[in-house]
*Asks:* 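Shown below is the structure under consideration.
Worth knowing before you read on, the calculation uses all heavy atoms, side chains too, and leaves out hydrogens, waters and symmetry mates. Everything quoted here is computed from the prediction, not taken from an experiment. Lettering follows sequence order; numbering is per chain, from 1.
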Protein chains: 2
Amino acid sequence: MRLPLIRKLEKFTRLSQADKEMLVRIAAQRVRRFAAREDIIHEGEKPEFINLINEGWACRYKTLEDGRRQIIAFFLPGDLCDLNVFILKEMDHSIGAITPVAVSEISRAAFDEMMIGHPRITQALWWESLVAAAIQREWTVNLGQRDALERMAHLLCELFIRLEAAGCTSDSSCEFPLTQTELGETLGMSTVHVNRTLQELRASNLIVLKDRTLTIPNLQALQDVALFNPNYLHLDREGRHLDANEE
Amino acid sequence: MRLPLIRKLEKFTRLSQADKEMLVRIAAQRVRRFAAREDIIHEGEKPEFINLINEGWACRYKTLEDGRRQIIAFFLPGDLCDLNVFILKEMDHSIGAITPVAVSEISRAAFDEMMIGHPRITQALWWESLVAAAIQREWTVNLGQRDALERMAHLLCELFIRLEAAGCTSDSSCEFPLTQTELGETLGMSTVHVNRTLQELRASNLIVLKDRTLTIPNLQALQDVALFNPNYLHLDREGRHLDANEE
DNA sequence: ACGACGACCTTACCTATGTTAATGTCGGAC
DNA sequence: GTCCGACATTAACATAGGTAAGGTCGTCGT
C-alpha cells in the first residue's frame with residue numbers, strides 16, 4: 001500500500017527510502033477519523049497540528065453571518081492543510097469532512113524534526129504548499145472570469161487530475177462524492193443552476209456522473225470547454241532544478 | 001523613514017534592532033523600478049527572486065486564452081510576493097505594476113541567510129505569507145458569495161486596512177490608484193457595473209472616491225454592508241504566543 | 001409497511017448583472 | 001489652444017443565473 005502523500009510528492013521529486021519511511025511513520029502516529037459532515041477543526045479554534053488527509057475527501061469552508069457558505073478548497077487523499085499554521089492564533093475558517101475521512105495530525109515537533117533531517121521532504125512539502133496556493137489563485141480566476149459551464153468543467157478537470165496524482169482514479173473514472181449542493185457552494189451558484197450545468201455537460205458527452213462516480217471520456221475535450229491549463233498544478237517533474245543527487 | 005515591511009511585520013511581532021537593520025539591508029540591495037502597467041515578471045518565466053514591494057501598487061494577474069483578465073491579488077507597500085517561489089520551475093501567472101513601483105529583489109542566498117540568523121524575522125515572514133493565503137481565500141468567498149455591492153465594499157475595506165497596517169493612510173483617507181476597469185477585473189464584473197456600484201456606495205455616503213483618493217467616513221458602516229470580518233488579516237498582536245523573549 | 005429524509009431533477013418566473021454604445025471630462029503632447 | 005487618449009458616466013436592452021415550489025426516488029429507522 002502506498003501513501004497518497006508519497007505518491008503525490010514523487011510527482012515533484014524523488015524520495016529516498018529513509019524519506020519514505022519517515023513519512024509513513026509521521027502519518028501513522030496520531031490518526032483520527034471523522035464521519036461525513038463532521039468538522040475537523042472549526043473557525044475560532046487554535047490550530048495545534050498540521051492535518052494530513054489519508055483517506056476520504058474534506059473541505060475548507062467559510063460561513064458568512066447570514067448563513068451563506070463558501071467551500072474554499074477541497075482536500076483529497078495526500079493533501080496537507082497549511083504547513084506552518086501553528087503560527088496563527090486562531091483559525092479564520094473551518095475544515096470539514098465531506099466523506100468519512102482518516103486524518104493524521106502532525107505536531108509542530110514532528111514537523112520540525114522532519115524539516116531538519118529530511119531536506120528532500122522539506123522541499124517537496126514547500127512545493128505542495130505552493131501548489132495549494134496556486135490552486136487557490138486559480139479558483140479566484142474561475143469564480144471571477146468563467147461562466148457556469150466553464151467553471152464546472154474546470155473544477156472537474158482539476159479534481160480529476162489531482163486525484164490521478166494521488167493514485168485515486170482508474171482509467172477515466174473516479175469516485176465523486178460531492179452533492180450538487182456542495183458543488184453550488186464551491187462554484188458560487190445555486191443548486192438549480194448546478195443541475196442545469198451538469199445536464200449540459202452530460203448532454204455534450206463531456207461527463208458521465210452517476211452513483212457518485214465521475215467518468216470523463218475525453219479529458220482534453222473537457223479541458224477545452226473549461227479553458228483549463230494544467231500548468232498551475234506544477235506536476236511536470238522533467239527539467240526541474242534539483243539541489244541534490246538523484247539516486 | 002520606516003520601511004513599510006517593518007511597519008507591517010511589527011503588527012505581528014516585535015523585531016530587534018538587528019532584525020530591522022537586516023531588513024533594511026535586504027531591501028536596499030537590488031532595487032528595481034517599474035513604470036505603471038509594466039510587468040515585473042511574466043507567466044512562463046522562471047522565478048529567481050522574492051520580490052518585495054517598497055513603493056507603489058502592483059498586482060498578480062492571469063489572462064485566459066480568450067483575453068479575459070483576472071486580478072488575483074494586490075501588492076501594497078510592504079508586501080512580499082511568494083516566499084519560496086524559487087522552488088517552482090515557472091510562473092503560472094504574471095505580476096504587473098499598477099502605479100510606478102520600487103521593488104527589492106531578494107535572492108535565495110539572502111533569504112536563506114536571513115532564515116538562519118534571524119528567527120524572529122523568519123517567523124514574521126511566515127506569518128505574512130499565511131496572511132496572504134488567508135486573503136486569497138477570502139477573495140474566493142468574496143467572488144463566490146457576495147453580490148456586487150458587498151463585494152466592492154469588502155475589497156475597499158480590505159485594502160484600506162492593509163494600507164493602514166503599512167502606514168499608507170492618513171485618517172480615513174488613502175491613495176487609491178485603481179481604475180474602474182481594474183476594479184472590474186478584480187471583482188469579476190463589467191466596468192459599467194463597477195461604476196453603478198461605486199455610485200451606489202457614494203450615494204449612501206459610504207465612500208468618497210475622487211481624484212485617486214479614497215475616503216471612508218465610517219469604516220464600520222462599510223464593513224457592515226460588506227459582511228466584513230477582519231479576523232482573516234490576523235492583525236491583532238495581543239495574546240499571540242511567542243517563542244521568544246520580548247525586549 | 002410506513003414515514004421521514006436527503007439527493008436529485010424540473011418548471012416558471014424574476015432580477016442582478018452584462019452588453020453595447022453614446023456622451024462627458026480631464027490632463028498631457030504638440 | 002486644440003487634439004487626443006484614458007477614464008468615467010449614462011441609458012436601453014439582453015441574458016445568465018437566482019428563487020420558489022414541487023415532484024421522484026432510494027434509504028434508513030421503527
*Asks:* Mind checking B:Ser190 for me? I need base, sugar-phosphate or nothing, with any heavy atom below 4.0 Å counting as a touch.
*Replies:*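 It contacts base atoms.
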*Asks:* Checking side chain to side chain contact (heavy atoms under 4.5 Å, CB included) between B:Ser104 and each of B:Leu80, B:Leu3, B:Asn54, B:Ile53, which is the one that passes?
*Replies:*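 Single side chain to side chain contact (heavy atoms under 4.5 Å, CB included) partner of B:Ser104 among B:Leu80, B:Leu3, B:Asn54, B:Ile53: B:Asn54.
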*Asks:* Is there a donor-acceptor pair closer than 3.5 Å between any side-chain N or O of A:Glu182 and the backbone N or O of A:Thr179?
*Replies:*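 Judged by distance alone, yes, a pair lies under 3.5 Å.
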*Asks:* Any side-chain donor-acceptor pair under 3.5 Å between B:Gln70 and A:Thr140?
*Replies:*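 There is no such pair between these side chains.
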*Asks:* Under 4.0 Å, heavy atoms only, any strand: does B:Gly184 hit a base, just the sugar-phosphate, or nothing?
*Replies:*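 Touches nothing.
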*Asks:* What is the distance, rounded to the nearest whole Å, between atom CG of B:Asp147 and atom P of D:dT19?
*Replies:*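 About 11 Å, once rounded to whole Å.
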*Asks:* Check the distance between D:dT10's P and B:Gln180's CD and give it to me in whole angstrom.
*Replies:* 10 Å
*Asks:* Roughly how many Å is it from CD in B:Glu182 to P in D:dC7, rounded to a whole number?
*Replies:* 7 Å
*Asks:* Looking only at side-chain atoms of A:Val192, point me to the closest of D:dA8, D:dT19, D:dG17.
*Replies:*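 Of the options given, the side chain of A:Val192 lies nearest D:dT19.
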*Asks:* Would you find more than 12 non-hydrogen atoms of other residues, nucleotides or ligands less than 6.0 Å from B:Glu175 atom CD?
*Replies:*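 Count not over threshold, so no.
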*Asks:* When you check the phosphate oxygens OP1 and OP2 of D:dA8, does a side-chain N or O of B:Asn195 lie under 4.0 Å from one of them?
*Replies:* no
*Asks:* Using whole Å, report how far CG of A:Asp211 lies from C1' of D:dC25.
*Replies:*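 Distance, rounded to whole Å: 12 Å.
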*Asks:* Tell me, yes or no, whether the heavy-atom count around A:Gln220 atom CD, taken from other residues, nucleotides or ligands under 6.0 Å, exceeds 12.
*Replies:*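 Buried by this count: over 12 neighbours within 6.0 Å.
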*Asks:* Heavy atoms only, 4.0 Å cut-off, all strands: where does A:Arg146 land among base, sugar-phosphate and nothing?
*Replies:*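 Contact class for A:Arg146: none.
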*Asks:* Could you tell me the separation between the CD atom of B:Gln145 and the P atom of D:dG17, rounded to a whole number of Å?
*Replies:*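 My rounded result for the distance is 15 Å.
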*Asks:* Can you check the B:Met189 CE to D:dG17 P distance for me, whole Å?
*Replies:* 16 Å
*Asks:* Between P on D:dG18 and NE2 on A:His193, what's the gap in Å once rounded to a whole number?
*Replies:* 6 Å
*Asks:* Is A:Glu138 salt-bridged to A:Arg146, going by a charged N under 4.0 Å from an acidic O?
*Replies:* yes
*Asks:* Reading DNA chain C from 5' to 3', where do the contacts with chain A start and stop? Cut-off is 4.0 Å to heavy atoms.
*Replies:*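 The footprint of chain A covers C:dA7 to C:dA12.
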*Asks:* Using a heavy-atom cut-off of under 4.0 Å over every strand shown, decide if B:Arg151 touches base, sugar-phosphate, or nothing.
*Replies:*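 Result for B:Arg151 = nothing.
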*Asks:* Could you state the NZ-P distance from B:Lys210 to D:dA8, rounded to the nearest angstrom?
*Replies:* 13 Å
*Asks:* So that I know where these two stand, are A:Phe176 and A:Trp57 an aromatic pair - ring centroids less than 6.0 Å apart?
*Replies:*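 Yes: the rings meet the under 6.0 Å criterion.
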*Asks:* If you only use heavy atoms from C-beta on, which nucleotide in D:dA8, D:dT19, D:dC7 is closest to the side chain of A:Arg196?
*Replies:* D:dT19
